[in-house]
Amino acid sequence: IKLPEIIQSFEKTGFGATPSANVDAHQNSVENEQEYQKLLKEVILSALLTLPFMVEMIAMLFQKHLHLSPIIQLGLASIVQFYCARKFYVGAYKSLKSGSANMDVLVVLGTSAAYFLSVAVVLFSLPLHLYFEASVSVITLVLLGKLLELRAKAKTGFAIAKLRNLHRKNGFVERDGKVEEISIEALHV
């Protein structure tokens, strides 16, 4: 199998691939940091919009009845569902398009079911419970997990880059009784 075929098969599944020889470690580090900062903002926004739902659920534990207006719940949940979780929809589409299912498909199916059932309850005044809190809670927790995963990958990548820099660039060869220092690429048996 040739390298372009491997890269193409990765891209079919919705992922990207680059030959390691073409990766600029500094640029990659900058891009990872930018991605981390962007995801951090989305997690914070999602958490802030999920907070009223959590307060309502915690109040229920203490037999207090705090109820957010269904319209407010719809507004808060819509932002989380379609702005904060948009990467899950994109990932699910790419995954299903390639003929497989991944975590994004699971998140989209579960949260969309809860969200759209709740939308129907609000729009048609159905005598059912709203599940916006389930939708936004799952999205927020999965986003938090993605953030922690990204941070761990960045730390691992940094450690690997440091290890790569530890290897010697030159080697020593004895020729005719003299020791010469030459590039590792020039060494051969």
Side-chain angles (χ1 to χ4, degrees), residues 1-24 27-54 57 70-124 126 128-157 160:
I1 188 165
K2 302 217 180 336
L3 186 59
E5 293 170 349
I6 294 171
I7 292 173
Q8 187 178 27
S9 66
F10 271 106
E11 289 172 349
K12 273 186 186 175
T13 61
F15 295 97
T18 305
S20 62
N22 299 349
V23 175
D24 177 2
Q27 180 63 26
N28 195 24
S29 174
V30 169
E31 288 171 0
N32 285 342
E33 181 61 27
Q34 290 171 341
E35 184 179 353
Y36 179 82
Q37 292 301 322
K38 182 180 175 190
L39 185 57
L40 178 62
K41 289 175 185 173
E42 290 175 6
V43 168
I44 291 170
L45 175 63
S46 184
L48 289 174
L49 296 174
T50 301
L51 189 62
F53 295 100
M54 294 296 112
M57 287 192 304
I71 298 300
I72 291 173
Q73 289 186 45
L74 174 63
L76 295 174
S78 295
I79 295 168
V80 173
Q81 190 76 33
F82 299 111
Y83 177 73
C84 298
R86 69 191 180 283
K87 67 175 41 68
F88 299 127
Y89 282 93
V90 171
Y93 171 76
K94 288 179 179 179
S95 177
L96 292 174
K97 185 177 164 190
S98 72
S100 64
N102 63 8
M103 178 82 168
D104 293 332
V105 174
L106 180 63
V107 170
V108 166
L109 277 175
T111 61
S112 294
Y115 175 82
F116 287 113
L117 172 65
S118 298
V119 168
V121 168
V122 171
L123 292 179
F124 302 114
L126 300 174
L128 299 172
H129 183 71
L130 297 176
Y131 294 100
F132 289 124
E133 78 281 350
S135 172
V136 298
S137 299
V138 168
I139 290 169
T140 300
L141 289 172
V142 174
L143 281 173
L144 179 60
K146 293 255 185 204
L147 183 72
L148 295 173
E149 175 187 9
L150 189 62
R151 187 176 70 181
K153 280 174 30 179
K155 285 183 176 180
T156 303
I160 289 171

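Everything numeric in this text was worked out from a predicted model, so none of it was measured.
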With a 6.0 Å cut-off (strictly less than), is the heavy-atom count around [atom1] of [X], excluding the residue itself, greater than 12?
{"X": "Met103", "atom1": "CE", "answer": "no"}
{"X": "Lys87", "atom1": "NZ", "answer": "yes"}
{"X": "Phe82", "atom1": "CZ", "answer": "yes"}

In a table with atom names and distances, give each donor-acceptor pair under 3.5 Å that connects a side chain of residues 73-81 to protein atoms at least two apart or in another chain.
unit_1: Gln73; atom_1: NE2; unit_2: Leu68; atom_2: O; d: 3.0
unit_1: Ser78; atom_1: OG; unit_2: Leu74; atom_2: O; d: 2.7
unit_1: Ser78; atom_1: OG; unit_2: Tyr115; atom_2: OH; d: 2.5
unit_1: Gln81; atom_1: OE1; unit_2: Ser135; atom_2: OG; d: 2.4
unit_1: Gln81; atom_1: NE2; unit_2: Tyr89; atom_2: OH; d: 2.8
unit_1: Gln81; atom_1: NE2; unit_2: Thr111; atom_2: OG1; d: 3.1

As an exercise, state the distance from [atom1] of [X] to [atom2] of [Y], rounded to the nearest 0.5 Å.
{"X": "Leu39", "Y": "Ile44", "atom1": "CG", "atom2": "CD1", "value": "10.0 Å"}
{"X": "Tyr83", "Y": "Ile139", "atom1": "OH", "atom2": "CD1", "value": "14.0 Å"}
{"X": "Glu33", "Y": "Leu150", "atom1": "CD", "atom2": "CG", "value": "9.0 Å"}
{"X": "Lys153", "Y": "Lys146", "atom1": "NZ", "atom2": "NZ", "value": "8.0 Å"}

Using side-chain heavy atoms (C-beta onward) and a distance below 4.5 Å, is [X] in contact with [Y]?
{"X": "Arg151", "Y": "Leu147", "value": "no"}
{"X": "Leu49", "Y": "Val136", "value": "no"}
{"X": "Ile6", "Y": "Phe10", "value": "yes"}

Determine the minimum heavy-atom distance between [X] and [Y], stating which atoms define it.
{"X": "Val121", "Y": "His129", "result": "CG2-O, 4.2 Å"}
{"X": "Pro52", "Y": "Leu48", "result": "CD-O, 3.3 Å"}
{"X": "Ser98", "Y": "Ser95", "result": "OG-O, 2.9 Å"}

Member of Leu106, Leu143, Val105 meeting the side-chain contact (heavy atoms from CB on, under 4.5 Å) criterion with Phe88:
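Among Leu106, Leu143, Val105, the one that satisfies the side-chain contact (heavy atoms from CB on, under 4.5 Å) with Phe88 is Leu143.
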Can you list every pair that meets side-chain hydrogen bond (donor to acceptor under 3.5 Å, both in side chains) and has a residue in residues 101-110, with sequence neighbours left out?
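Residue pairs passing side-chain hydrogen bond (donor to acceptor under 3.5 Å, both in side chains), neighbours aside: none found.
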Quick one: list whatever passes salt bridge (charged side-chain N to carboxylate O under 4.0 Å, His left out) with Arg86, sequence neighbours left out.
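Here the qualifying residues are Glu42.
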Within the distance-only criterion (no hydrogens, no angle test), does the side chain of [X] pair as donor or acceptor with the backbone N or O of [Y] below 3.5 angstrom?
{"X": "Thr50", "Y": "Ser46", "result": "yes"}
{"X": "Ser137", "Y": "Ala134", "result": "no"}
{"X": "Ser112", "Y": "Leu109", "result": "no"}

